[in-house]
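Below you'll find the structure, written out as structure tokens, and then a few comments.
Since we're looking at a predicted model, the values are computed, not measured.
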Amino acid sequence: MAMNWVQFQQGMSLPEFLHSFGTEEKCAEAVMRARWPEGFTCPRCGGGAYCMVRHEGRSLFQCNTCRRQTSLTAGTLFAGTKLPLTVWFLAIYRISQAKTGISALALKREIGVSYPTAWLIHHKVMRAMAERDSVHQLGGTVQIDDAYLGGERSGGKVGRGSENKIPFVAAVSLDVHNHPRYLKLTPLAGFTGQAIKQWAQTHLQPGSCVSSDGLGCFAAVTEVGCMHMPTVVGRAKPRELPKFQWVNTILGNLKTSLSGACKAFKYGKYAAPYLSAFAYRFNRRFNLRDLVVRLIVDTVRCQPRSQRAIRTAEDHF
């Protein structure tokens, strides 16, 4: 069997990561480059000239024009943190390079913080991943399937009606060689025509050719200018359906990833960030070495997220 170069690519080793981001100064330089690629820009007046001042032990940028003071991390996902940037960057490294994901408990042990802190860091970084991918739409040939997170509860409903099952859409766009390009994994309230129409408006480019297993609600993609090509599969098993090879393969990898990294989490509340994190890594799988730097940039440019906002799961992408 030929070696799959995507699976066997080098990625960024831990020594390489520590060489590039092993000190607070190097991490601060990376944050500044990501936040102000063309140099410092005052958030109030847009001025570029500044001086550094000290206030209560912190280094602040002071605009020479309007005298507005701002910290390096203000307005980023690191805003208000009391942790060193080296801890944040190590967490970003582990989250980006773990092919099957990483649990908050494992992250806690690796970066040396408490479990609540590791949980919050993990969810903040996953929100940055979700926010970045939310702006991208699938186009061309798209395979789509219905899927569920969670299992049946003892004494509860069985099948798709189980109270513990969270429905989500799995959709993957293919290139001209029928190889997977980009992935979307999106929780839904249910598989209805209206829900699929709203999903398609946000996540599909008009003119896309959508292949499905014939579930009735998927026909709603035609209402937003997409073509629908249903194939009624009946009782056929996923491995017997080469037409849906890629979306079924990805769903299998997703279930292996979640069950291997996390014993359990609140599917109804936190499905979106976990699914988005898997999709983010998949969509950037061709360059693992660059993935760390890209996630650092996306984290810096993500709007701050409070613990309260994350725990109430108020953001949905």
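With rounding to the nearest 0.5 Å, the separation of CE in Met126 from OG1 in Thr299 is 12.0 Å. Distance OH/Tyr148 to CG/Leu251: 12.5 Å, rounded to 0.5 Å. For the atom pair CD of Gln137 and OG of Ser208, the computed distance is 8.0 Å after rounding to the nearest 0.5 Å. Rounding to the nearest 0.5 Å places CE of Met12 at 8.0 Å from CZ of Phe17. Distance check, rounded to the nearest 0.5 Å: CE of Met129 to SG of Cys302 gives 11.5 Å. The OG atom of Ser211 lies 5.5 Å from the CE atom of Met229; values are rounded to the nearest 0.5 Å.
Linking ILVMFWY residues whenever their side-chain heavy atoms come closer than 4.5 Å, directly or via other members, leaves Val224 and Ile144 in distinct clusters. No continuous path of hydrophobic side-chain contacts links Leu60 to Phe40 [ILVMFWY only; heavy atoms under 4.5 Å]. When hydrophobic clusters are built by joining Ile, Leu, Val, Met, Phe, Trp and Tyr residues whose side-chain heavy atoms come closer than 4.5 Å, directly or via intermediates, Leu77 is not grouped with Val292. Residues Leu14 and Leu295 share a single hydrophobic cluster, defined by chaining ILVMFWY side chains whose heavy atoms lie under 4.5 Å apart. Trp36 and Met52 fall within the same hydrophobic cluster, defined by Ile, Leu, Val, Met, Phe, Trp and Tyr side-chain heavy atoms under 4.5 Å apart, directly or through other members.
Of the possible polar contacts, one joining the Ser96 side chain to the Ile92 backbone as a donor-acceptor pair under 3.5 Å is found. Using modelled atom types, no side-chain atom of Arg94 and backbone atom of Leu90 make a donor-acceptor pair closer than 3.5 Å. Under a 3.5 Å cut-off, the side chain of Arg127 and the backbone N or O of Lys124 do not form any donor-acceptor pair. With Lys269 contributing its side chain and Thr312 its backbone, the two residues share no donor-acceptor pair below 3.5 Å. Of the possible polar contacts, none joining the Gln62 side chain to the Tyr50 backbone as a donor-acceptor pair under 3.5 Å is found. Remark: side-chain polar atoms of Ser276 are not paired, donor with acceptor, to backbone N or O of Pro273 under 3.5 angstrom. Judged by distance alone, with hydrogens and angles left aside, the side-chain atoms of Thr81 form no donor-acceptor pair with the main-chain N or O of Phe78 at under 3.5 Å. Of the possible polar contacts, one joining the Arg305 side chain to the Gln303 backbone as a donor-acceptor pair under 3.5 Å is found. Side chain of Arg35 to backbone of Ala74: a donor-acceptor contact under 3.5 angstrom is found. Side-chain N or O atoms of Gln69 include none that pairs as donor or acceptor with a backbone N or O of Phe61 at under 3.5 Å.
In this structure, a donor-acceptor pair under 3.5 Å is present between the side chains of Ser59 and Arg54.
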Point to revise | Steps toward side chain to side chain contact (heavy atoms under 4.5 Å, CB included) verdict (Asp145, Leu215) | key: CA-CA 9 Å; Asp145 199 5; Leu215 189 64; over 6 Å; no
Practice item. Starting from the C-alpha separation in whole Å, work towards a yes-or-no answer on side chain to side chain contact (heavy atoms under 4.5 Å, CB included) for Leu120 and Ile310. Key: CA-CA 8 Å; Leu120 188 58; Ile310 289 175; 4.0 Å; yes
Exercise for review: Assess whether side chain to side chain contact (heavy atoms under 4.5 Å, CB included) is satisfied between Val113 and Leu83, documenting all intermediate values.
Suggested key: CA-CA 9 Å; Val113 297; Leu83 292 173; 4.3 Å; yes
Exercise for review: Could you please spell out the steps behind the side chain to side chain contact (heavy atoms under 4.5 Å, CB included) verdict for Cys209 and Cys226?
Suggested key: CA-CA 6 Å; Cys209 183; Cys226 297; over 6 Å; no
Practice item. Just do the side-chain hydrogen bond (donor to acceptor under 3.5 Å, both in side chains) check on Ser114 and Thr117 with the steps written out, would you? Key: CA-CA 5 Å; Ser114 67; Thr117 299; 3.0 Å; yes
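For Phe191 and Trp199, the ring centers sit 6.0 Å or farther from each other. Taking the ring centroids of Tyr270 and Trp119, they lie under the 6.0 Å cut-off. Remark: aromatic rings of His122 and Tyr115 are distant, center separation not under 6.0 Å.
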Please output the side-chain donor-acceptor pairs of residues 176-185 that fall under 3.5 Å, not counting sequence neighbours, one pair per line with the distance.
from: Lys184; atom 1: NZ; to: Asp133; atom 2: O; distance (Å): 2.8
from: Lys184; atom 1: NZ; to: His136; atom 2: O; distance (Å): 2.7

Anything under 3.5 Å between a donor and an acceptor, one on a side chain of residues 20-33, the other on a protein residue two or more places apart or in another chain? List them.
from: Ser20; atom 1: OG; to: Glu16; atom 2: O; distance (Å): 3.3
from: Thr23; atom 1: OG1; to: Lys26; atom 2: N; distance (Å): 3.2
from: Glu24; atom 1: OE1; to: Leu85; atom 2: N; distance (Å): 3.2
from: Glu24; atom 1: OE1; to: Thr86; atom 2: N; distance (Å): 3.3
from: Glu24; atom 1: OE2; to: Leu85; atom 2: N; distance (Å): 2.8
from: Lys26; atom 1: NZ; to: His19; atom 2: O; distance (Å): 2.6

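The minimum heavy-atom distance linking Ala271 with Ile166 is given by the pair CB-CG2, 4.3 Å.
Between Gln97 and Leu291 there is a side-chain heavy-atom pair separated by less than 4.5 Å. Contact annotation: the side chain of Leu188 approaches that of Val169 to within less than 4.5 Å [non-hydrogen atoms, C-beta and beyond]. Counting heavy atoms from C-beta outward, Asn64 and Cys51 have side chains that approach closer than 4.5 Å.
A cation-pi arrangement is absent between Arg284 and Phe286, since the terminal nitrogen or guanidinium carbon is not both under 6.0 Å from the aromatic centre and inside a 45° cone about the axis.
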